Each structure stands twice: as C-alpha cells, then as structure tokens.
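A quick note: this is a predicted structure, and the numbers were derived from the prediction, not measured.
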There are 2 protein chains.
Amino acid sequence: MYMDQNKIPKATAKRLPLYYRFLNSLHLQGKTRVSSKELSESVKVDSATIRRDFSYFGALGKKGYGYNVEYLLNFFRKTLDQDEITKVALIGVGNLGTAFLHYNFTKNNNTKIEMAFDTDPGKVDHNIGGVPVYHIDDLEKYIGNVSAAILTVPAHAAQAITDRLVECGIAGILNFTPARIAVPSNIRVHHIDLAIELQSLVYFLKHY
Amino acid sequence: MYMDQNKIPKATAKRLPLYYRFLNSLHLQGKTRVSSKELSESVKVDSATIRRDFSYFGALGKKGYGYNVEYLLNFFRKTLDQDEITKVALIGVGNLGTAFLHYNFTKNNNTKIEMAFDTDPGKVDHNIGGVPVYHIDDLEKYIGNVSAAILTVPAHAAQAITDRLVECGIAGILNFTPARIAVPSNIRVHHIDLAIELQSLVYFLKHY
DNA sequence: TGTGAAAGTATCATATCGTAACAATTCAAG
DNA sequence: CTTGAATTGTTACGATATGATACTTTCACA
C-alpha cells in the first residue's frame with residue numbers, strides 16, 4: 001500500500017479520481033466496455049493522455065477492444081484505496097463548510113467527514129448532514145486518528161488552527177482560506193482560493 | 001487593454017492575483033519595499049520564479065533594493081484591470097453559492113457578483129449579501145452584459161443552464177459542479193470539483 | 001566612495017502535456 | 001478460418017513550466 005509506483009506523475013494522480021467517478025457512472029449505466037476515445041469525450045482529457053495515464057499501472061485494456069469497465073473499476077478501487085475509508089474533519093461550519101457537510105462524499109469516495117468543529121453555539125452539539133459538530137476548543141479531545149482536515153474558517157484563524165491540527169498529527173489539509181499557511185514539510189497542503197479562481201478566470205477572459 | 005502581452009505564460013497569469021493580493025496586504029501594513037525573497041516566503045513561490053514573472057512586464061524593481069510596494073501595486077492594478085470591474089452572475093444559491101455571496105470580493109478584486117439566480121421561492125426576490133436573487137426562469141431577462149458566471153447548481157442541471165448562459169453571450173464559467181460541461185471553444189471554463197480535490201489530497205497522503 | 005544586496009537575465013535539467021504516429025493485438029464479420 | 005477494422009500500448013517530439021544556479025548590473029546606504 002505504501003508505494004512502489006511513486007513514479008506516477010502528480011498530474012496523472014489528480015486525474016485518477018475523475019476517471020474513477022466516471023467509470024462508476026458507466027458501470028451503473030450497465031456499460032461493460034469503454035474506449036479511451038469515449039472516456040476522452042466525457043472527462044475532457046486527451047485520449048492519448050488517458051491511455052498513458054492508465055499504462056502507468058500496466059496493461060489494463062485490450063488492444064482493438066478497449067477497457068472492460070468492471071475490471072478497470074475494480075482495479076482503481078484497489079489502487080485508490082476505495083475500500084479503506086479515510087477520516088476527515090471539517091473545521092469551520094460556515095456556508096462553505098456546510099456545503100461540504102451536505103455533499104454526499106461517501107457515495108463515490110474513499111473519504112468520510114467524521115466530525116466538524118465551530119465556535120457558534122447555534123451549531124455546536126448539533127448534527128449537520130449527519131455529521132456531529134463540536135466546539136473548536138475540544139478539537140484535541142475528539143479528533144482522534146483523523147488524517148485530513150478541510151479548513152473553511154476565516155483567514156485570520158487559519159494559522160492558529162493549522163498549528164493545532166499539526167500538533168494533533170494531521171497528515172493533510174485542504175485549505176480554503178485565502179491565508180497561506182505554514183506547516184512542517186511532512187504535511188501536505190492543497191490550497192484552493194475561491195477569490196483567486198474567479199479573478200484568474202476573469203484575467204484569462206480579458207487577455208487571451 | 002486587449003493584449004499585446006499575450007506572451008505571458010498561463011502559469012504566470014494564474015499567480016498574478018496572488019501577488020496582487022499579497023502586495024495589497026503589505027501596503028495596508030505600511031510596508032514600502034519588498035524583495036523577491038520576502039515575497040517568496042509569503043506566497044510560497046520560488047523567488048527566481050517571482051522575479052521572472054515580474055520581468056515579463058518589464059523592469060518593475062530596482063536592483064539592490066527590491067520592489068516599491070506602492071509602485072508595484074499600482075502597476076498590477078492597471079495590468080489586472082482592477083479599476084474596470086467585471087460583472088459576474090451566480091447561478092445556484094445553495095450553501096456553496098451563499099458562501100460566494102457573503103465573500104467580499106470587491107475588497108481586493110476586479111469582480112463583482114451583480115446578481116444571483118435560483119429556483120427556491122424562499123430565496124427568489126430576496127437580497128443575500130447585498131446581491132439580488134432572481135428566478136432562474138428570468139435569466140435571460142436580467143443577465144444583461146454580465147461576462148462571467150459562477151455555476152453552483154446540482155450537477156444534473158449544469159449542462160442545460162450552461163447552454164442558456166452561452167446563448168446569453170457569457171464569456172467564462174467557473175464550474176463547481178461535478179459535471180463536465182460542453183461549451184463552444186470561444187468560451188472559457190474553469191472547473192473546480194470539490195470532491196476530487198479532497199480525493200486527490202487523500203491519494204497524495206497515501207502514495208507520496 | 002565603496003560595498004553589499006538584490007534585480008534582471010541566462011542557462012540547464014527535469015516534468016508534464018498534447019499531438020502524432022505506429023506496431024501489435026483483438027474482436028467481429030463473413 | 002481469414003481478413004479487416006478498431007483500439008491499445010508505446011514511442012517520439014515540441015511546447016511549456018519549474019526550480020536551481022549563477023552571473024552581471026545597478027542601486028542604496030553607510
């Protein structure tokens with residue numbers, strides 16, 4: 001489980017969940033085979049790129065035939081550890097945080113939001129989307145062996161909470177705050193900045 | 001305004017809003033100068049990359065001194081068209097959509113969410129975060145010369161609404177639905193898939 | 001006036017991407 | 001059984017981006 005295929009490009013790794021989800025829906029539709037060309041049209045990734053992505057894992061398809069949906073799906077299930085659910089905590093139950101809580105992640109995913117934290121007494125000790133909300137002061141008490149955190153708190157609180165998460169042994173953080181947080185090098189942070197995404201889109205509209 | 005500097009790499013263009021915002025906060029702190037090295041530590045981008053990014057726009061700094069924060073800020077304000085506000089519409093006032101409405105974009109940004117659309121009678125004709133919410137049926141009536149749309153609707157509605165937006169002459173779409181939407185080639189789509197972001201983070205945790 | 005700091009620029013190695021091409025292989029039709 | 005069409009797996013190539021390193025130039029400041 002802890003890798004030999006380290007050679008897989010990051011860009012490929014990012015596409016794997018996308019492939020998986022689409023294969024899943026094909027499977028539900030009852031399709032048994034699919035070609036890289038069909039996949040390409042659906043997920044909007046070049047067909048040669050798809051074939052190369054797949055080939056990092058060996059020969060998964062059959063020439064002149066395509067890929068067997070079920071076989072491919074099973075393969076990805078294992079590779080993406082779809083069976084082994086990763087526990088996630090959500091920090092900050094504002095609008096964005098609530099959106100996550102209502103998102104049904106477990107449907108196609110190997111992740112589960114186990115708990116959420118906030119300071120708002122109107123939210124603490126409630127259940128939102130089936131997830132218990134605790135007070136942020138009790139972070140250390142409840143977090144247990146959660147391995148990743150979604151950070152949807154106000155920017156000014158980001159670093160302080162990050163430090164506490166790190167102290168609790170968190171392995172990864174999905175940071176939605178505009179703040180650039182500092183962490184030890186062994187902790188992985190993915191940063192998604194909604195304002196920048198919008199501004200960047202606008203820049204491209206005007207200049208390209 | 002409509003480009004001669006088309007040579008700027010996309011990767012650089014994506015970093016510009018980030019630079020801008022950070023310079024802005026430096027300015028508010030009263031700092032008058034900054035070096036590429038300082039910037040590098042704050043925005044987590046290699047200092048040489050920053051210097052190269054800046055140099056696409058000419059000589060903005062002074063050797064042996066650094067960059068004048070105010071000068072640089074003014075320059076970016078012009079380059080990023082910070083003065084000329086781009087109108088944006090938000091489609092789908094769920095949790096995620098509401099998060100956008102409460103986000104104070106105009107503070108550091110050249111974009112303004114002018115209106116929102118939804119089907120929920122409890123939201124239509126209300127103001128949320130100072131933004132008027134109209135019924136999605138009236139999209140064509142109100143949208144006017146809005147140039148970009150934020151799509152935060154259920155996945156199954158994504159393509160139909162996209163088609164209508166395209167018909168209305170929208171130039172860009174920020175797509176937060178899991179659906180991969182099809183658009184004419186002259187329309188720019190940036191796709192952010194929250195589930196995939198989370199799953200991708202988890203994959204990296206396990207395999208790298 | 002001298003010196004140190006930092007920009008601007010160039011170069012190199014590495015990674016990724018899209019595109020194209022091609023041989024090998026397989027299915028399916030006849 | 002044979003043939004042909006389809007599609008993979010793989011390779012090659014050019015374009016783009018990145019991080020590193022290093023060099024020269026120029027400016028600020030002591």
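- Mapping B:K37 and B:R52 onto DNA chain C by nearest heavy atom places B:K37 closer to the 5' end of the strand.
- Checked by atom type, the side-chain pair A:T98/B:N95 shows no donor-acceptor distance below 3.5 Å.
- Residue B:K62 places no side-chain N or O under 4.0 Å from the OP1 or OP2 atom of C:dA6.
- In the set D:dT18, C:dA6, D:dA17, the nucleotide with an atom closest to the side chain of B:K63 is C:dA6.
- Between A:N68 atom CG and C:dT26 atom C1' the separation is 14 Å, expressed in whole Å.
- Nucleic acid contact for B:T12: none, since no nucleic acid atom lies under 4.0 Å from a heavy atom of the residue.
- A:H191 places a side-chain N or O within 3.5 Å of a backbone atom of A:T177 that can act as its donor or acceptor partner.
- If you measure from atom CZ of A:F57 to atom C1' of D:dT8, you get 17 Å, rounded to the nearest angstrom.
- Taking atom CG of residue A:L39 and atom C1' of nucleotide D:dG9, one finds them 15 Å apart after rounding to whole Å.
- When rounded to the nearest whole Å, the span between CZ of B:R33 and P of D:dA28 equals 9 Å.
- Distances from the side chain of B:A11 to the nucleotides C:dC27, D:dT18, D:dG9 place D:dT18 closest.
- For the pair B:S36 and C:dA7, the criterion of a side-chain N or O lying under 4.0 Å from OP1 or OP2 is met.
- The OH atom of B:Y65 sits 8 Å away from the P atom of D:dA28 (whole-angstrom rounding).
- Side-chain contact annotation: A:Q159 with A:D163, donor-acceptor N/O pair under 3.5 Å present.
- Rounding to whole angstrom units, CD of residue B:E41 and P of D:dG19 are separated by 15 Å.
- For residues 42-51 of chain A, proximity to DNA chain D is found at A:R51, defined as any non-hydrogen atom under 4.0 angstrom from a strand atom.
- Atom CG of B:D53 is separated from atom P of D:dT16 by 16 Å (rounded to the nearest Å).
- The separation between A:F54 atom CZ and D:dT7 atom P is 15 Å, rounded to whole Å.
- The aromatic rings of B:F57 and B:F75 sit perpendicular to each other, their planes meeting at more than 60°, with 30° as the lower class boundary.
- Judged by distance alone, with hydrogens and angles left aside, the side-chain atoms of B:R164 form a donor-acceptor pair with the main-chain N or O of B:I136 at under 3.5 Å.
- As judged by a 4.0 angstrom heavy-atom cut-off over every strand, A:Y67 is placed among residues touching the sugar-phosphate backbone only.
- Checking the phosphate oxygens (OP1, OP2) of C:dT9, no side-chain nitrogen or oxygen of B:Y56 falls inside 4.0 Å.
- Within the 3.5 Å criterion, the main-chain N or O of B:V43 finds a donor-acceptor partner in the side chain of A:R180.
- Looking at B:K31 and B:E38, a side-chain N of the basic residue comes within less than 4.0 Å of a carboxylate O on the acidic one, giving a salt bridge.
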